[in-house]
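This report concerns only the one structure given below.
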There are 2 protein chains.
Amino acid sequence: MDKNLKRMATMHRMQVKGLELFYQNGYYNTSVDDILKSLSLSKGAFYHHFQSKEDFFISIIQNLIVQKVYSMLIEPIEKCDNPFRALESCFDNALETAQYNEMDYGFILSNFMTEFNRRNTEISNYLRDIYKVWEVNLVTTLQRAKTDGYLERHVDSEAVATYLISSYIGIRTLMVEGNCKALRYQYMQQLKTYFKSIEHSTLVS
Amino acid sequence: MDKNLKRMATMHRMQVKGLELFYQNGYYNTSVDDILKSLSLSKGAFYHHFQSKEDFFISIIQNLIVQKVYSMLIEPIEKCDNPFRALESCFDNALETAQYNEMDYGFILSNFMTEFNRRNTEISNYLRDIYKVWEVNLVTTLQRAKTDGYLERHVDSEAVATYLISSYIGIRTLMVEGNCKALRYQYMQQLKTYFKSIEHSTLVS
DNA sequence: CTTTTTACCGACCAAGTGGTCGGTGAGGTT
DNA sequence: AACCTCACCGACCACTTGGTCGGTAAAAAG
């Protein structure tokens with residue numbers, strides 16, 4: 001009984017450190033030994049808990065990456081009054097976190113999507129699923145915004161979601177190069193400009 | 001005299017094939033042997049022409065990647081009448097090329113920027129330089145658009161450039177996952193919506 | 001107290017990795 | 001004809017990679 005707890009604890013330690021190093025150096029550029037060395041664990045321990053490096057990464061996706069995306073980008077906009085203000089503060093908070101994170105290496109989801117694209121179909125699919133959930137959630141929010149009178153009815157919700165996701169992926173990619181503060185400010189400013197053009201005009205100000 | 005030609009030809013063959021494989025599989029996931037094998041060349045040939053794998057990649061950046069970005073994203077908007085229409089067709093053409101490219105692995109510049117971020121400073125800088133040229137060019141175009149009366153004077157050109165680049169990087173990342181046609185359409189549609197909100201209104205329609 | 005389960009160890013393996021180096025032979029120079 | 005330059009060869013090197021496997025010791029079960 002106690003053993004199961006220890007098992008979970010060790011696995012979790014490996015996953016957390018694994019994600020940290022994969023995120024920093026990339027999956028293919030991080031060896032299992034790198035992770036083990038920084039945890040003072042052995043090969044035996046690793047392959048006792050996980051079938052392979054790939055299996056290990058999949059467990060990381062399902063246990064850690066899903067959660068991160070949920071808590072950062074999905075949950076904050078589910079419970080919203082004015083959806084546009086909710087989206088703005090959600091995105092701004094995410095960028096703020098990145099800005100003050102000394103160890104920011106970009107948007108975790110898009111980084112891995114890029115790295116595994118067409119190189120590992122299974123992992124790509126897991127990542128795609130997360131992205132799809134995010135997208136569906138945005139579309140739902142925008143649809144609700146229409147019925148609630150916040151969004152012009154003629155606007156294509158899916159197109160807006162795509163455009164939002166695109167711009168977010170892009171700004172996070174740019175922010176790793178530095179000058180985050182200015183980039184964040186510029187991005188938020190233009191995001192608001194864009195929102196103004198699709199918001200239901202009678203409700204603005 | 002003839003030797004120099006042969007030298008250039010071989011180097012160029014290596015660079016082209018190298019870029020192809022690095023782009024497909026990533027830099028760290030592509031070995032020098034992979035490139036050599038698919039060209040039926042030997043290790044000796046490679047290290048006769050290039051000092052190292054890294055040096056080789058830098059030469060690829062300077063000879064091939066710079067050129068691609070220029071011809072796809074920079075030159076098309078330099079000679080423009082209406083800057084917004086020029087930007088639209090430039091972006092749409094770039095997305096069209098990607099859509100019909102069976103071997104599309106995303107936006108070459110942002111893919112490599114992601115892969116080398118904080119992992120190889122020298123290469124990152126070379127890539128950043130290209131991105132900066134693109135950015136400066138966009139800003140210049142937007143500034144000119146102001147003096148020419150196409151763009152509202154109160155608009156922050158640099159912010160618009162950042163927002164444009166972000167969204168482009170993002171949509172190219174998404175397009176690799178498939179469904180390119182819809183994504184391209186949605187993107188272009190919202191890009192135009194966004195442009196409408198910053199274009200000088202007296203000139204519209 | 002014995003037996004079984006299991007978390008973890010670390011030597012080992014085959015298959016790569018980037019990079020070196022002494023060649024070889026065709027082409028140009030003298 | 002003699003020489004030299006240089007594009008290219010391929011065996012070789014030290015090292016790292018993901019992954020295996022027989023072992024150990026401690027905790028849980030009997």
Side-chain angles (χ1 to χ4, degrees), chain A residues 1-61 63 112 115-116 119-123, chain B residues 1-61 63 112 115-116 119-123:
Chain A
M1 199 101 301
D2 200 17
K3 280 209 177 163
N4 201 20
L5 268 182
K6 191 169 191 195
R7 176 187 177 79
M8 300 296 274
T10 305
M11 286 176 78
H12 192 252
R13 274 213 308 153
M14 286 179 179
Q15 290 166 335
V16 169
K17 178 60 76 178
L19 178 57
E20 183 189 326
L21 295 185
F22 287 144
Y23 174 55
Q24 279 178 34
N25 312 314
Y27 176 83
Y28 292 112
N29 202 27
T30 304
S31 70
V32 174
D33 276 340
D34 290 339
I35 300 163
L36 264 10
K37 209 177 294 168
S38 78
L39 288 173
S40 298
L41 283 173
S42 67
K43 272 279 175 70
F46 183 86
Y47 283 95
H48 175 68
H49 292 298
F50 302 100
Q51 284 176 35
S52 63
K53 189 188 180 186
E54 184 178 330
D55 171 72
F56 174 58
F57 189 75
I58 291 173
S59 83
I60 289 179
I61 296 178
N63 288 294
F112 287 129
E115 183 166 13
F116 289 109
R119 311 195 235 286
N120 185 317
T121 328
E122 195 182 353
I123 292 184
Chain B
M1 197 103 300
D2 201 16
K3 280 210 180 164
N4 201 20
L5 267 183
K6 193 170 189 194
R7 176 187 176 81
M8 299 297 274
T10 305
M11 287 177 78
H12 192 253
R13 274 213 311 152
M14 287 180 179
Q15 290 166 335
V16 169
K17 177 61 75 177
L19 177 57
E20 182 189 326
L21 295 185
F22 287 144
Y23 174 53
Q24 278 179 35
N25 311 315
Y27 175 83
Y28 292 111
N29 202 26
T30 302
S31 69
V32 174
D33 276 340
D34 290 338
I35 299 163
L36 264 10
K37 209 177 297 168
S38 78
L39 287 174
S40 299
L41 284 172
S42 68
K43 272 279 174 70
F46 184 87
Y47 284 97
H48 174 68
H49 292 298
F50 302 100
Q51 284 175 36
S52 64
K53 190 187 178 185
E54 184 178 330
D55 171 72
F56 174 57
F57 189 75
I58 291 173
S59 83
I60 289 178
I61 296 179
N63 287 296
F112 287 129
E115 184 166 14
F116 290 109
R119 314 195 231 287
N120 185 317
T121 328
E122 194 181 354
I123 291 184

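FYI, side chains are in, hydrogens and waters are out, and symmetry mates aren't considered; it's all heavy atoms of this structure.
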**OP:** Identify, with sequence neighbours excluded, every residue that meets side-chain contact (heavy atoms from CB on, under 4.5 Å) alongside A:Y28.
**Re:** A:E115, A:F116, A:R119, A:N120, B:N29
**OP:** Could you tell me which residues satisfy side-chain contact (heavy atoms from CB on, under 4.5 Å) with B:S31, sequence neighbours excluded, listed by chain and number?
**Re:** B:D33, B:D34
Original post:
Does B:K53 make a cation-pi contact with B:Y27, if we ask for NZ or CZ under 6.0 Å from the ring centre and within 45° of the axis?
Top reply: yes
Solution key, residues 8-19 of chain B side-chain donor-acceptor pairs under 3.5 Å, sequence neighbours excluded:
| unit_1 | atom_1 | unit_2 | atom_2 | d |
| --- | --- | --- | --- | --- |
| B:T10 | OG1 | B:K6 | O | 3.0 |
| B:Q15 | NE2 | B:S59 | OG | 2.9 |

Between [N] ([atom2]) and [X] ([atom1]): distance, integer Å:
X: A:E54; N: D:dT17; atom1: CD; atom2: P; result: 18 Å
X: B:L36; N: D:dA11; atom1: CG; atom2: C1'; result: 15 Å
X: A:M8; N: C:dC8; atom1: CE; atom2: P; result: 13 Å
X: B:R7; N: D:dC8; atom1: CZ; atom2: P; result: 9 Å
X: A:K37; N: C:dG10; atom1: NZ; atom2: C1'; result: 14 Å
X: B:L5; N: D:dA7; atom1: CG; atom2: C1'; result: 13 Å
X: B:H49; N: D:dC9; atom1: NE2; atom2: C1'; result: 12 Å
X: B:F46; N: C:dC21; atom1: CZ; atom2: C1'; result: 17 Å

**OP:** For A:F112, check ring pair (Phe, Tyr, Trp, His ring centres under 6.0 Å) against everything at least two apart and list the hits.
**Re:** A:F57
Looking at [X], does any N or O in its side chain come under 4.0 Å of the phosphate oxygens OP1/OP2 on [N]?
X: B:T10; N: D:dC8; answer: yes
X: B:H48; N: D:dC9; answer: no
X: A:Y47; N: D:dG19; answer: yes

**OP:** Could you tell me which residues satisfy side chain to side chain donor-acceptor pair (under 3.5 Å) with B:Y47, sequence neighbours excluded, listed by chain and number?
**Re:** none
**OP:** Would you give a per-nucleotide map of nucleotides 12-17 of chain C, 5' to 3', where B means the base has a protein non-hydrogen atom under 4.0 Å away, S means only the sugar-phosphate does, and - means neither?
**Re:** -----S
**OP:** Measure the shortest side-chain to side-chain distance between B:S42 and B:L36 over non-hydrogen atoms and say whether it is less than 4.5 angstrom.
**Re:** no
